[in-house]
Amino acid sequence: MRSCVGTLQAGEAYALRSDAPPGLLDRLSERLALPQRLVDRSWLRLARILPPVQAHAETFRTMPDELLRRHCLDLRRRLKSSRLALPVAGEAFALIREISRRRLGMSHFDVQLVGGWAMLNGMVAEMATGEGKTLTATLAAGTAALSGIPVHVITVNDYLAGRDAEAMRPVYEALGLSVGAALTGMSDAQRRAAYGCDVTYTTNKQVAFDHLRDRIRLRHRNSRIGLHFLPQDQDGLLLRGLHFALVDEADSVLVDEAVTPLIISRRGRPVYTPDMLDTALTTAESLRAGRDYCLYAERRQVELLSDGQQFLARWAQDTAGLWCNTRYREYLILQALRALYLYQRDRHYLVDDGKVQIIDEFTGRVMPDRSWEQGLHQLIEAKEGCEITGEMETLGRISYQRFFRRYSMLGGMSGTLREVAPELRAVYELSVAAVRPHRPNCRRYLPVTVVRTEAQKWQRVLKRIATVHDSGRPVLVGTRSVAASEHLSGLLSQAGLEHRILNARQDVAEAEIIALAGQPRQITVATNMAGRGTDICLGPGVADLGGLHVIATERHEARRIDRQLFGRCARQGDPGSCEEILSLEDELVARQLPGWLRGLMRPLGRPASLLMLTLAQRRAQRRSYRMRLRMQKMDEYLENVLAFTGRLE
Ligand SMILES: Nc1ncnc2c1ncn2[C@@H]1O[C@H](COP(=O)(O)OP(=O)(O)OP(=O)(O)O)[C@@H](O)[C@H]1O
């Protein structure tokens, strides 16, 4: 086996592609392109991988292990010289398939071969949830790595990255390839070793931060020539450059998460004293909504009205110091209003061990290193009675859009890509290939239930859980916040229904909870942590009873995320069912639709309620899209401005 550690050598290039933003034509095509047009035409072209794989299948099947290993060495040489051309790549796919059959007991299906070929050709493969993307990725990652290209397999969280690296390790090792995982909490040396492997499993946050750290270290040699001739002492670098990235859950990583720039910062001294923060909070509390200020929950913004400004001006006459400065005073009070009314404990953040920890809205996990900017974090700390930390000072900044454009080769996969196909094309020059399912999907969608109040909703949910539980089937209930999952857990305990709960507060036993979630009569309540990527295997006899039943208790900002939750059931042709039990008091509706519209439509019954929910979701999706565009423009602006004043990485 090859050595696992291969840090960057002096004189070796730190591979990087130009990250120039897309031009006018790309933007135009994003506006005009219909998702379907981008998606479907590729199937026939991609299916050309099947004949060469079949041609080698029989030979490899009868080859003893030792001979297969020797053949592997020969193939590596030919892959390098052929630059991943179809016949040799087909042979590599056949070899990986045979090794996977021997080591994992799973032989890639034809549709997975097509998916793997799409990824190797720089496309994102849309394969339905449960179609086996983890195994499919070994084809593209293994073939590229055999040809000498370092591969990063990138996913959304540490649990999935670690799980996939371990699950697929036997295949890579039998191919003579080293495999590592670069995860949160590892030392620099451990992560460097992981990036030195032929195939590295990691998360988008980890790899982008590590690249940003490298760039900060290389700040004085940002030119492409400078990166080609690294001096001897550059062994402090973590990565070997950005060669080939295979992005799992590509819509989440490349689209949803692209609204937040990655910032490396260092904790500075506190800007505000605890007294100042307390004063800001008590003064903000004495203002009245509607008269002094207006809350815009969907944008998480507050506007100070003229009555509020006058009230603060009068109040400031009796104070001293910075409060006498109008701009400063109004700014801090606005931040205090946001901290008080727009950021909720157990929904947007947790208080753990006396610290405020932000919850990632998409993954449901805590982000231990993150903090809000411009006094907001400190105001929330004061609100919760925590110790006040210092403000963060920015050392380096990069957007995901810019980061992923720097890979020499980019491919990916997800179950939910259609809606974002034009955006992927315009921003990353990626096309989507729709891969057919291996077996027809047996998922049953039960009718949506919409009730008026939250209390009614939880009663319905409880009733449904009890009914499905009595039938012997396992149930997975998805909630949008830690608070909601704990509320439902309380109700279940009162009703004497044994259950398990998976959320940002209780993530230690994640693998064990997931392993049990498909067993007969099991009830699992989970936030988004049990969304993407989670593979719930059915226990004995469960398929005969109808498989896993999924209940969604709230809609997400994007329909794609709801579909990911439904995708936990009915995988690989298994039976399974899902339903939504929603209320008109759910946050999505309250945030996205004005009160008058909700009042007008409420008496009109179920069709109007459903329409409201769809409208609310559409508005939220459009808003996120606009935010991403703004983020991209901001990125371009910063790049232009900093070209004169010094770069931020
Ligand atoms: N070729 C195969 N033969 C047998 N089982 C397979 C094969 N491919 C995948 N599986 C099984 O199918 C299940 C689903 O696989 P996996 O979790 O990779 O799906 P996925 O497409 O990544 O799902 P999601 O979209 O939810 O992330 C796993 O239990 C896996 O072992």
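Counting convention: from 1, in listed order, for ligands and their atoms alike. Computed from a prediction, not measured in an experiment: that's the story for all the values here.
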Does [X] have a heavy atom less than 4.0 Å from any atom of ligand 1?
{"X": "R532", "value": "no"}
{"X": "G415", "value": "no"}
{"X": "H438", "value": "no"}
{"X": "G567", "value": "no"}
{"X": "M127", "value": "no"}
{"X": "E249", "value": "yes"}

Write out the residue and atom name of the closest protein heavy atom to [atom], then the distance separating them to 0.1 Å.
{"atom": "atom 17 (O) of ligand 1", "answer": "R571 NH2, 3.0 Å"}
{"atom": "atom 18 (O) of ligand 1", "answer": "T134 OG1, 2.7 Å"}
{"atom": "atom 8 (N) of ligand 1", "answer": "Q112 NE2, 3.0 Å"}
{"atom": "atom 25 (O) of ligand 1", "answer": "K133 NZ, 2.8 Å"}
{"atom": "atom 30 (C) of ligand 1", "answer": "M106 SD, 4.1 Å"}
{"atom": "atom 15 (O) of ligand 1", "answer": "G132 CA, 3.5 Å"}
{"atom": "atom 3 (N) of ligand 1", "answer": "F109 CZ, 3.3 Å"}

Taking all non-hydrogen atoms of both residues into account, name the closest pair between [X] and [Y] and its distance.
{"X": "G518", "Y": "P474", "answer": "O-CG, 3.7 Å"}
{"X": "A194", "Y": "G180", "answer": "CB-C, 4.3 Å"}
{"X": "L104", "Y": "P170", "answer": "CD2-CG, 3.9 Å"}
{"X": "H469", "Y": "V475", "answer": "N-CG2, 4.4 Å"}

Task: Aromatic ring proximity, centroids under 6.0 angstrom, H56 and F93 - done: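 Between F93 and H56, the centre distance exceeds or equals 6.0 Å.
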Open item on the list: Within the supplied structure, the quantity of interest is the number of heavy atoms (other residues, nucleotides, ligands) at a distance under 6.0 Å from E66 CD; does it exceed 12?
Closed with: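 Yes, the 6.0 Å shell around CD holds more than 12 heavy atoms from other groups.
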Task: Spacing of CD1 belonging to I96 relative to CZ belonging to F60, to within rounding of 0.5 Å - done: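 Rounded to the nearest 0.5 Å, the CD1-CZ separation comes out at 10.0 Å.
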TODO: First locate atom CG of L538, then atom CD of Q519, and finally report the distance between them rounded to the nearest 0.5 Å.
DONE: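 One finds 9.0 Å between CG of L538 and CD of Q519.
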TODO: Classify the contact between Q572 and ligand 1 as side chain, backbone, both or neither, using a heavy-atom distance cut-off of under 4.0 Å.
DONE: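 For Q572, only side-chain atoms sit under 4.0 Å from ligand 1.
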TODO: Tell me which part of S414 gets within contact of ligand 1: side chain, backbone, both or neither, using heavy atoms under 4.0 Å.
DONE: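 No part of S414 is near ligand 1 at this cut-off.
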- [ ] State plainly whether the residues D574 and R571 are in salt-bridge range, i.e. N to O under 4.0 Å.
- [x]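 No, D574 and R571 are not salt-bridged.
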- [ ] Could you check whether the rings of Y400 and F403 sit parallel, tilted or perpendicular, using 30° and 60° as the cut-offs?
- [x]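 Correct class here is perpendicular.
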TODO: Report, in ascending order of atom number, the atoms of ligand 1 lying under 4.0 Å from any heavy atom of L135.
DONE: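 With L135 as reference, the close atoms of ligand 1 come out as 1 (N), 2 (C), 7 (C), 8 (N).
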Task: E131 N/O to ligand 1 N/O under 3.5 Å - done: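 Yes, E131 has an N/O under 3.5 Å of an N/O on ligand 1.
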Task: Min N/O separation D535 to ligand 1 under 3.5 Å - done: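 Min N/O separation from ligand 1 is below 3.5 Å for D535.
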TODO: Decide salt bridge (charged side-chain N to carboxylate O under 4.0 Å, His left out) for R103 and E173; before the verdict, give the C-alpha distance in whole Å, the side-chain angles of both, and the deciding distance to 0.1 Å.
DONE: CA-CA 10 Å; R103 300 291 162 131; E173 290 191 343; over 6 Å; no
